[in-house]
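Below is one structure, written out as structure tokens; comments come after it.
Fair warning: this is a prediction, and the values are worked out from it, not measured in the lab. Here, residue 1 is the first one in the sequence, and each next residue gets the next number.
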Amino acid sequence: MQGPARKLVQAVLYEAIAIAVLSPAISLIYEAGLAHAGALSLMLSASALIWNMLYNTAFEYWESRQTQRTRTFGRRLLHSFGFEGGLVVLLVPLVAWWLDISWWAALVTDLGLFVFFFFYALVFQWAFDRVFDVPVSARACDA
């Protein structure tokens with residue numbers, strides 16, 4: 001599977017699993033109802049879904065122009081760090097507003113989510129590539 005279909009399947013699967021994990025965790029940590037936490041999870045996931053599509057398009061554009069195109073562990077770390085780091089910057093205002101907490105508390109919350117999702121993104125993308133194969137941008141050039 002390649003192109004836009006691959007990106008869409010990857011992003012939707014990633015976010016569906018994230019919602020299933022994130023909603024109960026937010027509900028427990030912030031003593032919020034599951035519906036309130038679930039609504040935040042949906043908003044976070046919708047934002048992340050858009051970011052995912054944009055980020056992966058840009059990353060694969062960059063990746064396709066590299067001399068060495070295989071997805072090494074270092075490249076996977078770079079991908080995960082860039083994706084999750086971008087989300088932290090994008091989502092602090094939403095988390096602060098929805099949970100009615102300070103921007104500092106929202107940043108701490110996002111950093112906690114970053115630690116979890118950094119490893120989740122790394123493992124998820126590895127598993128996704130194993131099931132659906134890597135994109136053309138990550139395949140070695142034929143000489």
Side-chain angles (χ1 to χ4, degrees), residues 1-32 34-141:
M1 180 183 334
Q2 295 295 321
R6 183 183 198 284
K7 287 178 184 64
L8 184 61
V9 169
Q10 186 271 346
V12 169
L13 282 174
Y14 183 89
E15 295 309 324
I17 294 168
I19 290 169
V21 171
L22 195 56
S23 297
I26 290 172
S27 180
L28 288 172
I29 293 168
Y30 289 97
E31 298 176 357
L34 189 56
H36 188 72
L40 176 59
S41 295
L42 285 171
M43 287 185 284
L44 294 174
S45 288
S47 300
L49 183 59
I50 294 165
W51 173 240
N52 187 312
M53 300 299 280
L54 295 171
Y55 181 79
N56 282 328
T57 297
F59 188 87
E60 289 175 16
Y61 176 82
W62 169 82
E63 183 176 56
S64 70
R65 281 148 181 74
Q66 301 307 301
T67 304
Q68 197 270 353
R69 291 172 49 178
T70 56
R71 287 206 174 163
T72 62
F73 183 71
R75 187 161 294 169
R76 289 182 188 283
L77 285 175
L78 176 66
H79 181 271
S80 294
F81 183 75
F83 177 75
E84 297 301 332
L87 270 183
V88 168
V89 171
L90 295 170
L91 298 180
V92 165
L94 176 60
V95 170
W97 170 71
W98 190 258
L99 294 175
D100 196 25
I101 58 178
S102 70
W103 281 50
W104 177 252
L107 177 62
V108 171
T109 299
D110 274 354
L111 291 175
L113 292 171
F114 170 81
V115 170
F116 172 78
F117 282 103
F118 175 81
F119 293 105
Y120 168 61
L122 187 64
V123 170
F124 176 88
Q125 194 60 50
W126 172 82
F128 188 85
D129 287 347
R130 296 278 299 184
V131 172
F132 294 101
D133 201 10
V134 297
V136 171
S137 65
R139 292 185 184 160
C141 296

Which atom pairs, donor and acceptor, lie under 3.5 Å between side-chain atoms of residues 82-101 and protein residues at least two apart or in another chain?
residue, atom, partner, partner atom, Å
Glu84, OE2, Tyr14, OH, 2.6
Trp98, NE1, His36, O, 3.1
Trp98, NE1, His36, NE2, 3.3

* Asked: So with a 6.0 Å cut-off around CD of Gln68, is the heavy-atom count from everything else above 12?
  -> yes
* Over all heavy atoms of both residues, which pair between Leu34 and Ser27 is shortest? Give the atoms and the distance, please. => N-OG, 3.6 Å
* Structure fact -> dist His79:NE2 -> Arg71:CZ (nearest 0.5 Å) comes out at 6.0 Å
* Asked: Rounded to the nearest 0.5 Å, what separation is found between the CG atom of Asn56 and the CG atom of Leu8?
  -> 11.5 Å
* With side-chain contact (heavy atoms from CB on, under 4.5 Å) as the test, would you mind laying out the steps for Tyr30 and Thr109 before giving the verdict? => CA-CA 10 Å; Tyr30 289 97; Thr109 299; 2.2 Å; yes
* Just how far is it from atom OG of Ser23 to atom CG of Leu44, taken to the nearest 0.5 Å? -> 9.0 Å
* Asked: Got a second to check how far Arg75's CZ is from Trp62's CH2, nearest 0.5 Å?
  -> 4.5 Å
* Do the ring planes of Tyr120 and Phe116 sit parallel (below 30°), tilted (30 to 60°) or perpendicular (above 60°)? -> parallel
* Asked: Taking atom CZ of Arg130 and atom CH2 of Trp126, what is their separation to the nearest 0.5 Å?
  -> 5.0 Å
* To do: Assign the ring pair Phe124 / Phe128 to parallel, tilted or perpendicular, where the plane angle (0 to 90°) is split at 30° and 60°.
  => parallel
* How far does CD1 of Ile29 sit from CD1 of Ile26, to the nearest 0.5 angstrom? -> 7.5 Å
